[in-house]
Amino acid sequence: MEALAVGSAPPRPGLAAPTRYSNVRRPRTLAIAAAGRPFAAAHMEPAAGDGRPRPAPPRCTSAEMVCVGMVFPCRALRWTRSRRARSHATDPAADAASAGAPAEIAGVDGIRIRRRPVTGPPVHYVGPFQFRLENEGNTPRNILEKIVWDKDVEMKERRPLYMLKGPLEAAPPARDFVGALKASYDRTGVPALIAEVKKASPSRGVLREDFDPVQIAQAYEKNGAACLSVLTDAKYFQGSFDYLEAIRRAGVKCSLLCKEFIIDAWQLYYARSKCADAVLLIAAVLPDRDIKYMLKICKILGMAALVEVHDEREMDRVLGIDGVQLIGINNRNLETFEVDIGNTKKLLEGERGQIIAQNNIIVVGESGLFTPDHISFVQNAGVKAVLVGESLIKQEDPGKAITGLFGKDISHASAA
Ligand SMILES: O=P(O)(O)OC[C@@H](O)[C@@H](O)c1c[nH]c2ccccc12
């Protein structure tokens, strides 16, 4: 029988003294807390050679308590493992397992966003109580990770791939997204506009109450947008794949980017079946091998891929992948939501800019662009296209807002 010792937390006024449990049947871990004020917590490993239980590296960040079928979510201690404990770990798999985290979910292959662990939070029993312990390994660390984990769950409800055959065949042929950007840049001499059809976002909430995707798309097209980006994620952006289809079927000619969190090749086929001409591949989410594989599928389907990067490391990874024609530099940190348009400049300086020019890659400046000065700033940094949502969609007339954004009417502008 495993012993469980309940660690002593520093005394806190108004809280009961820690309860001491012993001889409890199955528990190896216990963390109980009330309203963010932990009063007793310990995480013990089975007895070592000397017969005495040794404390496990504590990694618990929060816990959920289940009592006779009821669940009480509660926050618990935030512990981080000491560097010393990390450097002493000899077997990473065993180390991760001891902390309740499957080894493979750690960020690997240069991706910062981990995949959802298949097991979910482990359940622990203490007498009549059942605890679901959330720890670093089974809790999303930031909003992007949360979105991606939810997407993974959403994927489980998808139709089998073969059922997309009919809709894929019925979809109108894909349009040339990259060609449209180039043509617009050549014609106007300013970065080609990818105008975004987005109702809401996790960082800004609802951007536009009266939201008619088709009307907005038509207004963007009329006022000089080269391409459109359509949010399809429902949970966090109130988007829909049906918007893509509705916009195309309404006769809008601009090429359409499916703005989705792509984690699985199935989504590429689905996007195409819903009339997408291009998709977004986020380097923070996808390992290089997935990007390469998805690029091949995009090519077969006739779609372009906008590969999005946030920092130098991701840029270097993507520059090492053959066949990338479009790179988006997101000025918004998707983990913290902070926007800094200087990011575009930073990532295009020096050798990186040269490689991009040599390979004829089109760079898209993404997020946080509100004024003609912002557009000039990213153009001077080297972008040939911009992706703009908020500053257009929030205006009463999103179409007319394009003229304000560029400081001129780009619908008839010529480079001369
Ligand atoms: O609304 P903004 O700040 O103009 O940003 C548009 C676009 O760049 C942003 O929506 C975006 C860029 N990359 C993404 C990835 C997922 C969802 C959204 C995005």
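Along the sequence shown, residues carry numbers from 1. Both counts, for ligands and for their atoms, begin at 1 and track the order of listing.
Salt-bridge annotation for R115 and D152: absent, with no side-chain N of the basic residue lying under 4.0 Å from a carboxylate O of the acidic one. Checked for salt-bridge contact, D150 and K146 meet the test: a charged N lies under 4.0 Å from a carboxylate O. With salt bridges taken as basic N to acidic carboxylate O contacts below 4.0 Å, one links E260 and K151.
Around the CD atom of Q215, the shell of radius 6.0 Å holds no more than 12 heavy atoms that belong to other residues, nucleotides or ligands. Within a 6.0 Å radius of NZ in K199, other residues, nucleotides and ligands contribute more than 12 heavy atoms.
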Please evaluate residues F261 and F237 with respect to the criterion ring-ring contact (aromatic ring centres under 6.0 Å, His included), reporting the C-alpha separation (whole Å), side-chain torsions for both, the decisive distance (0.1 Å), and the verdict. CA-CA 11 Å; F261 295 85; F237 292 84; 5.7 Å; yes
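Protein neighbours of ligand 1 below 4.0 Å, counting non-hydrogen atoms: E196, K198, F237, K259, F261, L280, E308, N330, R332, E366, S367, G368, L387, V388, G389, E390.
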